[in-house]
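Following: one structure in structure tokens, then a few remarks.
The basis for the numbers below is simple: all heavy atoms, side chains too, and nothing from hydrogens, waters or symmetry mates. Just so you know, these numbers come straight off a predicted model, no measurement behind them.
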Amino acid sequence: MEYGVYRVGKRYGSLQVLDQVTLHLACGSKTCIMGPSGCGKTTLLRLMMGLEQPDEGRVLHDTRQRLGVMFQEDRLLPWATPVENVQMVCGGKREEILEELGRILPGEALKKRTESLSGGMKRRVALVRALRPPAGLLLLDEPFTGLDRETKKKTADYLLSRLGERTLIFSSHQEEDAAYLGAEIFRLGR
């Protein structure tokens, strides 16, 4: 299965956010969308998620294909623990989820309510949640926001260990994020 967008355009009122963007993603590829704030990175991901429709052009992927998604905002239940947040969306055994979260979160964070976690810890919970279901395409919007260099490297290693043959597309402002994941850079700009 191949993924991407072909000659996609998207406007919000009179603001042209994307104009004739074409991006082809080979199966199993890793691509990092980069560009200045407001250039359309999140919009491009939302188009590929099917949450937005292009004004012109086409989104290329099998709409029956399951997606793994990490939004720019964490979308976690604040009253639930990290394990409960993952389990509610993905199901699975509590022990397996604890083990997985424990690979990238400190042990004391696993029993706390999500609202008490730092922004970087919340990002890691959201990442585990996005990676758990079987999906051919992973769409991650700024997955490393709020992480220091050491934690980012550990989280990238975790992501790569769980990626398998899936196609990965993610947005970032930092080239080192693409380097950590061995991803090609696709630049958007105005």
Practice prompt. Evaluate side chain to side chain contact (heavy atoms under 4.5 Å, CB included) for Met121 paired with Lys112, printing each intermediate quantity in order.
Written response: CA-CA 11 Å; Met121 288 180 184; Lys112 292 183 176 181; over 6 Å; no
Worksheet entry | Step-by-step side chain to side chain contact (heavy atoms under 4.5 Å, CB included) determination, Leu117 to Leu76 | CA-CA 11 Å; Leu117 300 180; Leu76 300 172; over 6 Å; no
Discussion item. Salt bridge (Lys or Arg N to Asp or Glu O under 4.0 Å), that's the test. Do Glu115 and Arg113 meet it? Break it down for me.
Written reply: CA-CA 5 Å; Glu115 67 189 355; Arg113 292 166 56 123; 2.8 Å; yes
Item to complete: In sequence, state the C-alpha distance, the side-chain angles, and the governing distance for Met34 and Cys39, and then conclude on side chain to side chain contact (heavy atoms under 4.5 Å, CB included).
Response: CA-CA 9 Å; Met34 295 192 79; Cys39 74; over 6 Å; no
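Side-chain contact between Leu51 and Phe71 is present, with at least one heavy-atom pair separated by less than 4.5 Å. Counting heavy atoms from C-beta on, the side chains of Val128 and Tyr158 come closer than 4.5 Å. By the 4.5 Å heavy-atom criterion applied to side chains, Ile169 and Tyr3 are not counted as neighbours. Looking at heavy atoms from C-beta onward, Leu140 lies in side-chain contact with Leu159 at the 4.5 angstrom threshold. Looking only at side-chain heavy atoms (C-beta outward), Glu175 and Ile185 come within less than 4.5 Å of each other. Looking at heavy atoms from C-beta onward, Leu181 lies out of side-chain contact with Leu163 at the 4.5 angstrom threshold. Residues Asp157 and Lys153 are in side-chain contact: their nearest non-hydrogen atoms beyond the backbone lie under 4.5 Å apart. Side-chain contact between Val21 and Phe186 is present, with at least one heavy-atom pair separated by less than 4.5 Å.
Under the side-chain hydrogen bond (donor to acceptor under 3.5 Å, both in side chains) criterion, Asn85 pairs with Thr114, sequence neighbours left out. Residues forming a salt bridge (charged side-chain N to carboxylate O under 4.0 Å, His left out) with Arg103 (at least two apart in sequence, or on another chain): none. By the salt bridge (charged side-chain N to carboxylate O under 4.0 Å, His left out) test, Arg7 pairs with no residue at all, sequence neighbours left out.
Around atom CD of Glu184, no more than 12 heavy atoms belonging to other residues, nucleotides or ligands sit under 6.0 Å away. Counting heavy atoms of neighbouring residues, nucleotides and ligands inside a 6.0 Å radius, atom CD of Glu73 exceeds 12 of them.
The hydrophobic cluster containing Leu137 does not contain Met70, counting ILVMFWY residues as joined when their side-chain heavy atoms lie under 4.5 angstrom apart, directly or transitively. Tracing side-chain contacts under 4.5 Å through hydrophobic residues (I, L, V, M, F, W, Y), one reaches Val86 starting from Leu98; they form part of the same cluster. The hydrophobic clustering, which links ILVMFWY residues whose side-chain heavy atoms are closer than 4.5 Å, places Phe144 and Ile33 apart. Under the 4.5 Å side-chain heavy-atom criterion for ILVMFWY residues, a single connected hydrophobic cluster contains both Val69 and Leu25. Linking ILVMFWY residues whenever their side-chain heavy atoms come closer than 4.5 Å, directly or via other members, leaves Leu127 and Met49 in distinct clusters.
Leu101 contributes atom CG, which lies 7.5 Å from atom CD1 of Ile97 (distance to the nearest 0.5 angstrom). Atom OG1 of Thr42 is separated from atom CD of Gln72 by 4.0 Å, given to the nearest 0.5 angstrom.
Here the shortest heavy-atom pairing between Leu138 and Ala130 reads CD2-O, 3.7 Å. Across all their heavy atoms, Cys32 and Ala183 have their closest contact at N-CB, 4.1 Å. Shown here for Asp177 and Ser172, the closest heavy-atom pair between the two residues is OD2-OG, 2.5 Å. Tyr180 and Ala156 get closest at one heavy-atom pair: CB-CB, 3.7 Å. Residues Thr81 and Glu84 approach most closely at N-OE1, 2.8 Å, considering heavy atoms. For the pair Arg94 and Val83, the tightest heavy-atom approach, listed with the atom from each and the gap, is NH1-CG1, 3.3 Å.
Residues near Val89 contribute nothing to a hydrophobic cluster around it, because no ILVMFWY side-chain heavy atom sits closer than 4.5 Å to its side chain.
In this structure, Lys10 satisfies the cation-pi test against Tyr12, with its NZ or CZ atom closer than 6.0 Å to the six-membered ring centre and inside 45 degrees of the ring normal.
Among residues at least two apart or in separate chains, side chain to side chain donor-acceptor pair (under 3.5 Å) pairs with a member in residues 22-34 are Glu2-His24. The stretch residues 121-136 participates, sequence neighbours left out, in these side chain to side chain donor-acceptor pair (under 3.5 Å) pairs: Asp74-Arg123, Glu100-Arg132.
When atom types are taken as modelled, the side chain of Lys154 and the backbone of Leu105 share no donor-acceptor pair closer than 3.5 angstrom. Remark: the backbone N or O of Asp141 is not paired with any side-chain donor or acceptor of Ser171 at under 3.5 angstrom. The backbone N or O of Gly92 lies less than 3.5 Å from a partner atom in the side chain of Gln87, making a donor-acceptor pair. Remark: side-chain polar atoms of Lys41 are paired, donor with acceptor, to backbone N or O of Gly35 under 3.5 angstrom.
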